[in-house]
Amino acid sequence: MLATLLKPDGGSAKVFGHDISSETSAVRSRISLTGQYASLDEDLTGKENLVMISRLMGYSKKEAKKRADELLVAFRLDDAAKKQVKNYSGGMRRRMDIAASIVVTPDLLFLDEPTTGLDPESRIEVWGIVRSLVRAGTTVLLTTQYLEEADQLADRIAVINQGKLIAEGTSAELKASIGRNTLHVQFVDENDLSRAKQIIESKLNNVVQITDAHSLSIQVNQPSKIPETFSELANEHIQMSSFSLGQPSLDEVFLTLTGSKTPDEEKINDETNE
Amino acid sequence: MTKQMNEERLHHAIASGKRPRRPSPLSSTLTFASRTLLRIKHVPEQMFDVTLFPIIFLLMFTYLFGGAIAGSTTEYLQFLLPGILVMTVAQITMYTGLDLNNDIRKGIFDRFRTLPIWLPSALIGALLVDVVRYSLASLIMIGLGLILGFRPEGGVSGVMVALVLILFFSFSLSWLWTTLGLIMRSDKSLMMVSMMILFPLTFVSNVFVDPDTLPGWLQGFVEVNPISVLANAVRSWMHGTGSFEQIGLVLLTSAIFIVIFAPLTMYLYRNKK
């Protein structure tokens, strides 16, 4: 809708001060869009696609070729420049798609689930591209199902659940909104778990959640009490195999915010802003 | 190449995308036309419809109906060729809608729509290349016809006028298919609807037989059928008996298609969900 592809049902919105309904071409000249499915001509080669888009952006023939070559090298697609896009791998396609979106550096780039279905290496590569874009002064609005991605990339995160905005803020704000630091402890012997639960609950004065047969977690309001808790566990000969103290993960934030809904129905909307 | 260098290169490429002035309608139209040409280069099979298809059609109908309808194939060819030419090209125009429908489903349509261009150029560019394709189909048919014994009495100029009429009409008719291409959700349903329109339109016309033999109610339809209007003009001009009234009628019919379906296509193109 903000990309001027859809008309709003109601209300109004402005992108860089231009109304999205009445000033579509002013908005279009500032933004760029990358959909979930590569919006490229699959029958054309990578280079032909980039030259075409550059020409449509107003570059002259010569400049368009130069710009296409520059982008192909930067996105490490120069080897595949003469291959038809339909023969590209998922990661190459996605990079190609982003390259096509930034032929003219946009002020605002929409990325719709840019890493869905990519292998970890390609994902990290796409993340690098997003960071470079932000460094270059582009506002990136990206949607993702992966909370780690939002945590890694976003300055501001908006959580959308079933079409409604349910939370917004920085990653740290969202984490803080659902509680303080969380202590995770894993035990060697599962029979110790219930005794450990009692000790930890009394020392840290909060309710423990059993996460599986060997481990539990608890929100810590007074981190200074943790050493004391651990020495008490040692006195009771309860052995820990691992422990960690940290902020809640965005996954926990997400599940807390959305209650018990299935994760498929959710979408995290996050925004990276210079 | 070190990682550092690559990052710098990436950053440079991202930051250096200066914004040129928006392209002129002519320039974006030509870009879209060259895209269509590149597609032909990469997928040459899509030229079957303008090469093999006309040959098969001409041979098939000439020898299938020639003896039965006119007594001899050479004699029938004089009547049939102009009509079958009109019919073949009219049927090929259908693929314009299919191409557009594919663009929509594959996502590139959304990219085009967010570009700062004069939007109709996306369609006009493709249609211009289609006109070249229709010319190729027409030339192949006329060439083969000449070999088989087609003798146009209107000479080269008469045939040229007929050809221009066919091309202009086809360009106009294409807007009907682009409209449908934007409305139909799948290529299969689009194909089906297009066929449902094309078959009666091309067969219930004066392409194959003189409409005098038809029942009165059907004659009425044949007379107003745009394909008959075009086939009449093309046949007459090829055989040297054409009138300017016929040309005017073809131009009027074509204009009606453009006036209705071009704005409708662009409205749907802009507002497609």
Side-chain angles (χ1 to χ4, degrees), chain A residues 3-7 24-45 48-49 51-60 63-64 67 70-76 84 86 97 99-106 110 128-129 131-133 135-138, chain B residues 1 3 5-25 27-46 99 102-119 121-122 125 269-273:
Chain A
T4 72
L5 291 177
L6 293 179
K7 290 242 154 53
T24 49
S25 69
V27 173
R28 277 178 196 174
S29 69
R30 305 280 301 267
I31 63 163
S32 199
L33 175 82
T34 304
Q36 239 176 89
Y37 303 100
S39 31
L40 300 161
D41 190 328
E42 303 219 320
D43 290 326
L44 264 52
T45 67
E48 284 165 352
N49 265 292
V51 170
M52 171 178 73
I53 307 249
S54 305
R55 292 282 289 140
L56 294 175
M57 283 290 187
Y59 282 93
S60 71
E63 286 170 332
R67 181 70 179 146
E70 182 180 27
L71 286 169
L72 285 164
V73 171
F75 283 74
R76 299 200 303 104
Q84 280 175 280
K86 64 178 163 200
D97 210 18
S101 302
I102 61 150
V103 165
V104 166
T105 313
F110 294 91
I129 292 168
R131 288 197 186 98
S132 284
L133 275 164
R135 219 176 106 208
T138 297
Chain B
M1 194 193 311
K3 194 162 174 279
M5 259 173 72
N6 199 40
E7 258 172 34
E8 272 321 300
R9 193 171 271 184
L10 182 65
H11 181 67
H12 181 256
I14 286 170
S16 65
K18 64 178 177 62
R19 185 180 305 284
R21 289 176 47 181
R22 58 181 279 181
S24 67
S27 146
S28 54
T29 303
L30 290 178
T31 306
F32 281 109
S34 72
R35 171 196 175 212
T36 311
L37 288 175
L38 284 170
R39 289 173 61 88
I40 293 175
K41 184 183 125 194
H42 289 296
V43 193
E45 306 91 280
Q46 60 179 306
D99 281 345
N102 271 325
D103 277 358
I104 295 169
R105 281 179 300 109
K106 292 207 171 137
I108 195 168
F109 171 80
D110 278 342
R111 172 163 332 264
F112 291 154
R113 284 202 305 172
T114 55
L115 292 175
I117 50 170
W118 182 62
L119 264 187
S121 61
Y269 200 99
R270 284 204 174 86
N271 298 294
K272 178 93 186 167
K273 294 228 160 125

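Quick note on labels: first sequence line is chain A, next is B, and so on, each numbered from 1.
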Test of understanding: with salt bridge (Lys or Arg N to Asp or Glu O under 4.0 Å), list the residues that count as partners of A/Asp43, not counting sequence neighbours. A/Lys86, B/Arg39
Between A/Leu133, A/Ile129, A/Asp41, which residue shows the highest count of heavy-atom pairs closer than 4.5 Å to chain B? A/Asp41
Chain B contact via A/Gln84 - side chain, backbone, both or neither, heavy atoms under 4.5 Å: side chain
Against chain B, label A/Ala64 side chain, backbone, both or neither, depending on which of its atoms sit under 4.5 Å from a heavy atom there. neither
Are any side-chain N or O atoms of A/Thr138 and backbone N or O atoms of A/Pro106, one a donor and one an acceptor, separated by less than 3.5 Å? yes
Just by distance, do the side chain of B/Arg35 and the backbone of B/Ala122 share a donor-acceptor pair under 3.5 Å? no
Salt bridge (Lys or Arg N to Asp or Glu O under 4.0 Å) with A/Arg131: which residues, sequence neighbours excluded? none
N/O donor-acceptor pair under 3.5 Å between B/Arg113 side chain and B/Arg270 backbone: yes
Residue B/Leu119 versus chain A: region with a heavy atom under 4.5 Å: side chain
Is it the backbone or the side chain of B/Leu115 that comes under 4.5 Å from a heavy atom of chain A, or both, or neither? both
Contact class of A/Ser54 relative to chain B, heavy atoms under 4.5 angstrom: neither
